[in-house]
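Here's the structure we're looking at; comments come further down.
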Amino acid sequence: MFIRATSRRAALLVPAVVALVAALAVPTARSASADPAHRSPSGPSSPTPDGPPRTTDPGAGPSSITGPIPSKAKPGDPSHNYVFYATPYNLKQAGYEEQEFFITGTATRYPSNPTVDQQRRNATSIGTTPYTTRIVVRRPVDPRKSAGIAVVDWQNVTAGHDIDTEWGTSGDYFVKHGWTWIGASVQAVGVNGAPSGPTSGQGLKEWSPQRYGSLDVTDGGTVLDDSQSFDIYTQIAELAKGTNHHDPLSDLRLKKVYAGGASQSGHFLGVYYNTIQSLYNVYDGFLFALSDSSLPPRSGVNAKAIRVFTENDIYRGEGVASQTVPDSSTLRTWEIAGASHVPAYAVTTDPADFRATLGGIQTREFGDAAPFDCVNPGPSQVTSWTVFHAAYAALDQWVRQGVAPRTAPPLAIIDPGPPANLARDVDGIAQGGIRLPDVAVPVGRNDGINAPANLDNPLSSFCVLYGTHQDFTSAQLGQLYYNDRDYQQQVADDVRLLEDQHYVLSEDGHVFTDQARHTHV
């Protein structure tokens, strides 16, 4: 059996993450005028009716912001003169809009690969560098509909280009609740492109020299270690919270800004939490998806943080002693049984599905690529995005109201490995963890285990990220359920339990019960 990678780049989501996981006195918040790395120009420029986008001094964060940058073509147009990874979500119907801005400034550089000892204390500057990059903003058109909350998504670049992972899992949650999503292009690979290797040639500047040719976070190719990324990320949050009338985001009145990122980005956020957060305290909470760092979040930082792992992450090493830490007054760790690092919904081939960040949307931007072979069918079909919705809601309630999220049971680990040996039932389904109906009331085996069927295509090695889904036989289903009604009732019971535990939001529970009504056992 085989899994078709809808893009060569889909298979490359996490090779760097695997390597990263294996490798591895508080100042007051600054102001733009006080920090020499955040000098502002003399004032805004005045646009002409048909002239360039407006450039202004936002008063906080970067020295200048230009935009919105107009899109002169529809997504998928060969000219590439539109927002890269423009979402297919029907924003207009939801009262939302997508805007892209270029930001320019000077970033303080910090070590991007600190040692274990260095991650136990705040980072020390290793210099400064100029930059120009982009942010993408998906926001309410009517600022009165803004909840005053934003998520800054550290764009994942392991595939050689930006991927807005947090929008892919939770964009519908953000829209429903009036949150603003800000996609942050802060790493060299995403902006300037990988200098060599199988993911080279896919950065923003290379994808559209016409649109993105002015961007650069490498100071002309002299800074290639992503040491600039942390301060650019800080400046974006400062911009989001800015109140200057020259700041095009100020009308949203963003009071709480959360840091979010998945996989390799989760690793960088872990380093940020441990070594940068206490320097500026500009982020109000953190959601680490699928990874965080070579170390767990250190105590004493005080920012609230939630880590969400899939079974696949635990299987591949997130459960080893150096990665584990008890829940505390600032930390919760949730583990989703049966889920995989790359979920089935992310690789769907439908370009109109906003969750298809590694499928239809990626293919729209880069075209089709060759398939690769895995031992097991996959990816896992566990509906893990529902847990990410709940995690964002829990983080927000924790930060704004002081109500701590429920402590979740961990997956049952016999030997942490890696690879971990997990306790499983007779059908091969992992025990413990957050148990969505996909594993609590199963009609097939979902787990976090897979492997390449062969290495004729070297990219098949990344089958390990996809997990497995295999439908049960009629005989297996007959042992589990009397009939369709019995199955549907068990799903409804599990959904009620998950909603009571706040691992699934009441607004999302119908996803499972609706699916159950259309499933025959």
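Small disclaimer: the values here were computed from a predicted structure and weren't measured.
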Mind running side-chain contact (heavy atoms from CB on, under 4.5 Å) on Thr234 and Ile276 for me, showing each step along the way?
-> CA-CA 9 Å; Thr234 297; Ile276 309 296; 4.1 Å; yes
Report the C-alpha distance between Ile314 and Ile413 in whole Å, list the side-chain angles of each, state the deciding distance to 0.1 Å, and finish with yes or no for side-chain contact (heavy atoms from CB on, under 4.5 Å).
-> CA-CA 9 Å; Ile314 302 301; Ile413 300 176; 3.7 Å; yes
Test log, rule salt bridge (charged side-chain N to carboxylate O under 4.0 Å, His left out), inputs Asp508 and Lys176 | CA-CA 12 Å; Asp508 291 330; Lys176 183 170 185 177; over 6 Å; no
How far apart are the C-alpha atoms of Gln490 and Asp494, what are their side-chain angles, what is the distance that settles it, and do they pass the side-chain hydrogen bond (donor to acceptor under 3.5 Å, both in side chains) test?
-> CA-CA 6 Å; Gln490 290 192 45; Asp494 186 52; over 6 Å; no
Should Phe288 and Val308 be marked as a side-chain contact (heavy atoms from CB on, under 4.5 Å) after you check the CA-CA gap, both sets of side-chain angles, and the distance that decides it?
-> CA-CA 6 Å; Phe288 306 113; Val308 180; over 6 Å; no
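Panel note: side chain Asp425, backbone Gly428; a donor-acceptor pair is recorded below 3.5 Å. Between the side chain of Thr180 and the main chain of Ala150, no donor-acceptor pair closer than 3.5 Å is present. Between the Thr87 side chain and the Tyr89 main chain, a donor and an acceptor come within less than 3.5 Å of each other. For Gln501 (side chain) and Arg406 (main-chain N/O), no donor-acceptor pair under 3.5 Å exists by modelled atom type. In this structure, the side chain of Asn483 engages the main chain of Asp486 through a donor-acceptor pair within 3.5 Å. A donor-acceptor contact shorter than 3.5 Å links the side chain of Thr513 to the backbone of His510.
Counting only N and O atoms by type, the side chains of Trp385 and Ser170 include no donor and acceptor under 3.5 Å apart. Judged purely by distance below 3.5 Å, without hydrogens or angles, the side chains of Gln489 and Asp493 pair a donor atom with an acceptor atom. Counted by atom type alone, Gln228 and Gln187 present zero donor-acceptor pairs between their side chains at under 3.5 Å. Judged purely by distance below 3.5 Å, without hydrogens or angles, the side chains of Tyr110 and Thr124 never pair a donor atom with an acceptor atom. A donor-acceptor contact closer than 3.5 angstrom links the side chains of Ser227 and Asp225. A side-chain donor-acceptor contact under 3.5 Å links Asp438 and Thr383. Counted by atom type alone, Thr386 and Tyr503 present zero donor-acceptor pairs between their side chains at under 3.5 Å. A donor atom on one side chain and an acceptor atom on the other are not found under 3.5 Å apart for Gln155 and Ser185. A donor atom on one side chain and an acceptor atom on the other are not found under 3.5 Å apart for Asp153 and Trp167. Counting only N and O atoms by type, the side chains of Gln488 and His518 include no donor and acceptor under 3.5 Å apart. Judged purely by distance below 3.5 Å, without hydrogens or angles, the side chains of Tyr85 and Asp162 never pair a donor atom with an acceptor atom. A donor-acceptor pair shorter than 3.5 Å cannot be found between the side chains of Ser340 and Asn312.
Around CD of Gln118, the count of heavy atoms belonging to other residues, nucleotides or ligands within 6.0 Å exceeds 12.
To the nearest 0.5 Å, atom CZ of residue Arg109 and atom CZ of residue Phe230 are 11.5 Å apart. One distance of note links CG of Asn457 with SG of Cys463; it measures 8.5 Å at 0.5 Å rounding.
Looking at Arg445 and Asp447, a side-chain N of the basic residue comes within less than 4.0 Å of a carboxylate O on the acidic one, giving a salt bridge. Using a 4.0 Å cut-off between charged nitrogen and carboxylate oxygen, Glu311 and Arg424 count as a salt-bridge pair. Salt-bridge check for Asp172 with Arg355: passed, with a basic side-chain N closer than 4.0 Å to an acidic carboxylate O.
With Tyr392 as the fixed residue, the ring-ring contact (aromatic ring centres under 6.0 Å, His included) test singles out one of Trp398, Tyr258, Phe174: Phe174. Screening Asp313, Asp327, Thr333 against Arg307 for a side chain to side chain donor-acceptor pair (under 3.5 Å) leaves a single residue, Thr333.
Considering every non-hydrogen atom in both Ala430 and Ala337, the closest pair reads O-CB, 4.4 Å.
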